[in-house]
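Computed over heavy atoms, backbone and side chain alike; hydrogens, waters and symmetry mates excluded. Labels below follow one simple rule: chain letters A, B, ... track the order of the sequence lines, proteins then strands, and each chain is numbered from 1. In this text the structure is predicted, and so the values were computed from the model without any measurement.
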Amino acid sequence: MTLDKNFDPAAIEARWYEHWETKGLFRPERKDAEPYTIVNPPPNVTGSLHIGHALDNTLQDIIIRHERLKGKDALWVVGMDHAGIATQMVVERQMGELQQKRTDLTREEFVEKVWKWKEESGGTITKQLRRLGCSMDWANERFTMDEGMNEAVLKVFIDLYNDGLIYRDKRLVNWDPALKTAISDLEVETTDVKGSFWHFKYPLADGAKLDDGRDYIEIATTRPETMLADMAIAVHPSDERYKSVIGKEVLQPITGRRFKIVADEHADPELGSGAVKITPGHDFNDFEVGKRAGIATGDMFNMLDGEANVCQTSDGLVPEEYIGLHRFKRGGIDGARELVIKQLKELGLLIPHVSKNKDGEEVEHDAEPRTIATPFGDRGGVVIEPWLTDQWYVDAETLAQPAIKAVREGDIEIVPKTWEKTWFNWMENIQPWCVSRQLWWGHRIPAWFDDDGNIFVAEDEAAAQKQAGEGVNLSRDEDVLDTWFSSALWPFGTLGWPEETDDLKRHYPNDLLISGFDILFFWDARMAMQGIQFMKDVPWKRLYLHGLVRAEDGSKMSKSKGNVVDPLGLIDQYGADALRFFMAAMESQGRDIKMDDKRVEGYRNFATKLWNASRFCEVNGIGASKTLAAPEAALPVNRWIISEVVETQQALDKALTDLRFDAAANTIYHFTWDRFCDWYLELIKPLLQGDDASAADETRAVAGWVLDQIIVMLHPFMPFITEELWHSMAQEDGGRNYDLIVAKWPAPKAEIDTVAKSEIDWLIKLVSEVRSTKVELNIAPGTKMAAHIRDGDSALMEKVARHNPALDRVGRLESISADPAPEGPSAQLVVDGATYVLPLAGAIDIDAEKARLTKSLEGVSKEAKSLEGRLGNANFVEKAKPEAVEKARADLADKTAEAERLQAALDRLG
RNA sequence: GGGCGUAUAGCUCAGUGGUAGAGCACUUCGUUGACAUCGAAGGGGUCGGGAGUUCAACUCUCUCUACGCCCACCA
């Protein structure tokens, strides 16, 4: 015996992973095989494995191992993302600890430092993915900033620019004042925050008055500080209160700037006073209103610098005391907001908010409390400032059209289908994508400017110079591209594009993309847009979106809440196979997964169960299968289990094709435990130890074959234990000549044997019935009994004879005969149209037996009655499907007969 | 404001137009050499409320309620 009593995952996992990787088995040479391709969402180089990665990568590994076992040329592309902002932040933080800052270095020095960090500390996650058992093509590991990807990014940028799909534009962007870079709409997270709504008076200029006689106009704002850059007041064109002052001017109380009251639909008469201050340089709506009011973008005032400190506007009207103040209170120091409020209050221009306190007294406050949806940067964590700058934009609207069409026409199948609407909804309302970032780590934008601001986009400086002409002074754009710009090229950039490589031809489009729905817009949508634009074909034929792994209580895992579950801890505790199986079993389409350690433990137990079943086989001379096809078998129990394998394999293949990971996992789980371990291995025990050598030989051959099929079918889910068993089960035969990871998926070449199936079903039913009877009559389970059959035909008696040893050993029925039972107490079982009378040696608890039979009878009668009722309904017989009527009739006949037998048994008890 | 999802056994979740399943938890019994990380036998659900379609609804339609998510917006 070579297998230990208990399965210890830690003892084998690292060994097998290294074996697979060093032998190159993650991507065996299969030039003539049909390709199958998926690309891994490149994890951040700064990242470490979290539970979401564990889910995402387990699902991908299941698919790729399944396809590899089916003989495909299965390629799972892997690599890392340079993660511009995240990585730069990590390195800057490290420098900060040494009292250094990025700007102490030149750009080149800093970038070099980041590369050095990457070499030394980056890529933790690649080792962790190995612990999970992921069979990626590490031999060709990529990086979004490696040479090939750089080339792809360069070409994409230049081509899009030349096609007018990338352009430079001055407009408001989401500016992160902490990181001092622009970010895209997707990187902004809007959160409700408790804030204030201030009401102020803006005096009307030139002695103008409202119809009601007031010489000021009331405005309300949540951002008082931006009034230093106000350029208009907007009122609704149909608002009677203000019609007479449209076109008149107001005097901004702090800057003294004069500007007009304009009519614009944006102003909501219901909100505040109905008049709104317009600050085109610091608010997205105001920007649009300003443009409509005829203010040129270049003339819009900008009163904040890159860190959101107040700076002078181009008209020089911001008072000196404001310059350098932060936009709002920070670190206990008042900002521009607080100063504005203070000054206006002193000027008597603040309109207090009046509310009643709990005693019903009126109380004045500076402002009205209000919940404000506030934009935050997803990395920097500070409030985003809309800021007027020059940035590079991708014309996403144009690129989105073919991506919409691809899904609409089925070139891309989204699974689950409900996500299609989200895809369309986003794509159809897509905004220009801001792709420039004011960082140093990333793909530097290949654009050069001359002294007049003319732009030259080219592959290098020499080419740009050529465009600009000899002697023209050029300077390169300082900005880098959004990280997602490069990862959008992953499905073809990693395959050699822009070169026309064999890999590219063979593996594009990819067959499937698996990703969390949280990166649907960030990554998936952009891959679709870029893929179709540059490859003239979709990046993948199917897109599978899975949910989030949540904490046990259903909340989102987050470091701040401290409820993060570490997948590596679970691997240490239960083994990678158990964690993987958990992920698969819990992954039903369209639902998040709640973490449940008990369930992971359950799958560890499943692994142990399989391990022990293999030990049983080993000690009984059952070894590796000699054939791929099912062995020839004459015994019903063997023919039955072969049929069960065929059905299991069909169900498993279907589930995997349908991307129903839960169904796939459950299929193999229940076959292994319920069918193979609980019944088959029990039923064959007497055969293995019996006198009939040929029966024993046949059974050993079949059992070995079935165990092999289980090991192969389970391998995508539990790669480590199965590889271990694959080899250890063959030791007696001198070992396997190939590894399980590249073995062949089951091909039983066997029909489903309905005769054997019904025979074993009967056997299982009879044994189960005997067992439950004993429990209910308080008979010790081990007690051997004799059975006398009533109403049994010769076919039944032959069946009984065939299964005598199993009935004896598993059912504890030492004899079964057609002879009438002797007088005296007995238990009676009704199974499949025959009654089995079991004489009892001692006194029988007649009442218990009556109760048992009565309960059975009631159940059967109830079903029969319901069927009768249905069949008695003329509408049912006429309108229902004939099969349904037929089935109801057959069921009724069965139930009626069973009820009669049970009644007869009861009658015999007196 | 728009969109999506979820409500089934104590818990976490599958599921099908024809009288409901799994894992865990629970109860009782059990060490006959694969396995106590186990085996056997059980208990437990009017499938969120209401209406409709149908011979038949947990399953389809509508509606209500509760919870969750996404997008947009609220000066």
Side-chain angles (χ1 to χ4, degrees), chain A residues 1 3 5-7 185 190 197 219-223 226 233-234 266-268 270-279 283-286 289 370-373 416 418-419 421-422 424-426 429 517-518 520-521 547-548 550 552 554 556 574 578 582 585-586 588 590-599 601-620 660 662-663 666 669-670 674 677-678 681-682 685 767-768 771-776 778 780-782 809 812 862-863 866-867 869-870 873-881 883-885 887-888 891:
Chain A
M1 183 127 113
L3 292 173
K5 188 169 171 187
N6 282 323
F7 166 54
D185 297 345
T190 307
F197 199 36
I219 58 100
T221 181
T222 58
R223 294 212 59 195
T226 62
I233 299 283
H266 166 65
D268 178 359
E270 302 295 317
L271 193 56
S273 64
V276 54
K277 72 185 196 69
I278 298 301
T279 320
D283 182 282
F284 288 100
N285 285 311
D286 292 4
V289 174
R370 193 181 166 86
T371 302
I372 303 164
T418 47
W419 284 102
K421 268 199 178 162
T422 309
F424 293 136
N425 199 28
W426 188 70
N429 297 292
F517 64 73
D518 51 330
L520 175 62
F521 303 144
L548 255 51
R550 298 179 165 276
E552 205 135 358
K556 213 166 164 174
Y574 301 112
F582 167 80
M586 297 306 287
S588 65
R591 199 190 262 272
D592 286 347
I593 294 176
K594 282 199 186 97
M595 203 51 231
D596 182 357
D597 284 18
K598 293 291 287 179
R599 193 131 182 175
E601 185 185 2
Y603 293 125
R604 187 273 318 263
N605 295 352
F606 174 59
T608 306
K609 184 74 180 175
L610 175 68
W611 185 264
N612 280 307
S614 304
R615 288 176 69 221
F616 170 83
C617 290
E618 195 181 34
V619 296
N620 281 285
R660 286 306 307 249
D662 55 343
N666 286 329
Y669 177 96
H670 287 293
D674 303 348
C677 292
D678 286 351
L681 292 184
E682 294 304 323
K685 280 176 182 173
V767 170
S768 303
R771 286 172 175 170
S772 60
T773 301
K774 282 180 174 168
V775 169
E776 284 172 60
N778 274 317
R809 169 132 186 192
R812 308 263 119 193
K862 196 180 155 206
E863 286 181 51
S866 157
L867 287 163
R870 213 189 303 167
N873 181 340
N875 278 326
F876 173 70
V877 180
E878 280 166 29
K879 295 184 184 171
K881 283 175 294 189
E883 309 92 87
V885 177
K887 186 173 182 304
D891 287 350

Measure up the A:Y603 and A:Y669 rings against each other and bin them: parallel (under 30°), tilted (30 to 60°), perpendicular (over 60°). perpendicular

Looking at every strand, decide which applies to A:A267 at a 4.0 Å heavy-atom threshold: base, sugar-phosphate, or nothing. base

Has the side chain of A:D592 got a donor or acceptor atom that lies under 3.5 Å from a matching backbone atom of A:L548? yes

In the 5'-to-3' direction, what one-character label does each nucleotide of nucleotides 10-18 of chain B receive under the scheme B = base within less than 4.0 Å of a protein heavy atom, S = sugar-phosphate only, - = no such atom? --BSSS--B

I want to verify a distance call: between B:C24, B:A75, B:G5, whose nearest atom is closest to the A:K598 side chain? B:C24

OP1 or OP2 of B:G3 under 4.0 Å from side-chain N/O of A:K421: no

Given B:C71, B:A75, B:U19, the nucleotide with the shortest approach to the side chain of A:F521: B:C71

Does A:D283 reach a base, just sugar-phosphate, or nothing at all? Heavy atoms under 4.0 Å. nothing

Looking at A:R615 and A:E618, is any side-chain nitrogen of the basic one under 4.0 Å from a carboxylate oxygen of the acidic one? no

Let me have a per-nucleotide readout for nucleotides 30-40 of chain B, 5' to 3', with B, S or -, counting only protein heavy atoms under 4.0 Å. --B-BBSBSSS

Determine which bases of RNA chain B form Watson-Crick or G-U wobble pairs with both distances under 3.5 Å, and write the result as a 5' to 3' dot-bracket string with | for other-strand partners. (((((((..((((....[..)))).(((((.......))))).....(((((..]....))))))))))))....

Please classify the nucleic acid contact of A:S866 as base, sugar-phosphate, or nothing, using heavy-atom distances under 4.0 Å. base

So what does A:N873 hit on the nucleic acid, given a heavy-atom distance under 4.0 Å: a base, only sugar-phosphate, or nothing? sugar-phosphate

Closer to the 5' end of RNA chain B via nearest nucleotide, is it A:G590 or A:K277? A:G590

Go through B:G42, B:G5, B:G3 for me and flag the one nearest to the A:E776 side chain. B:G42

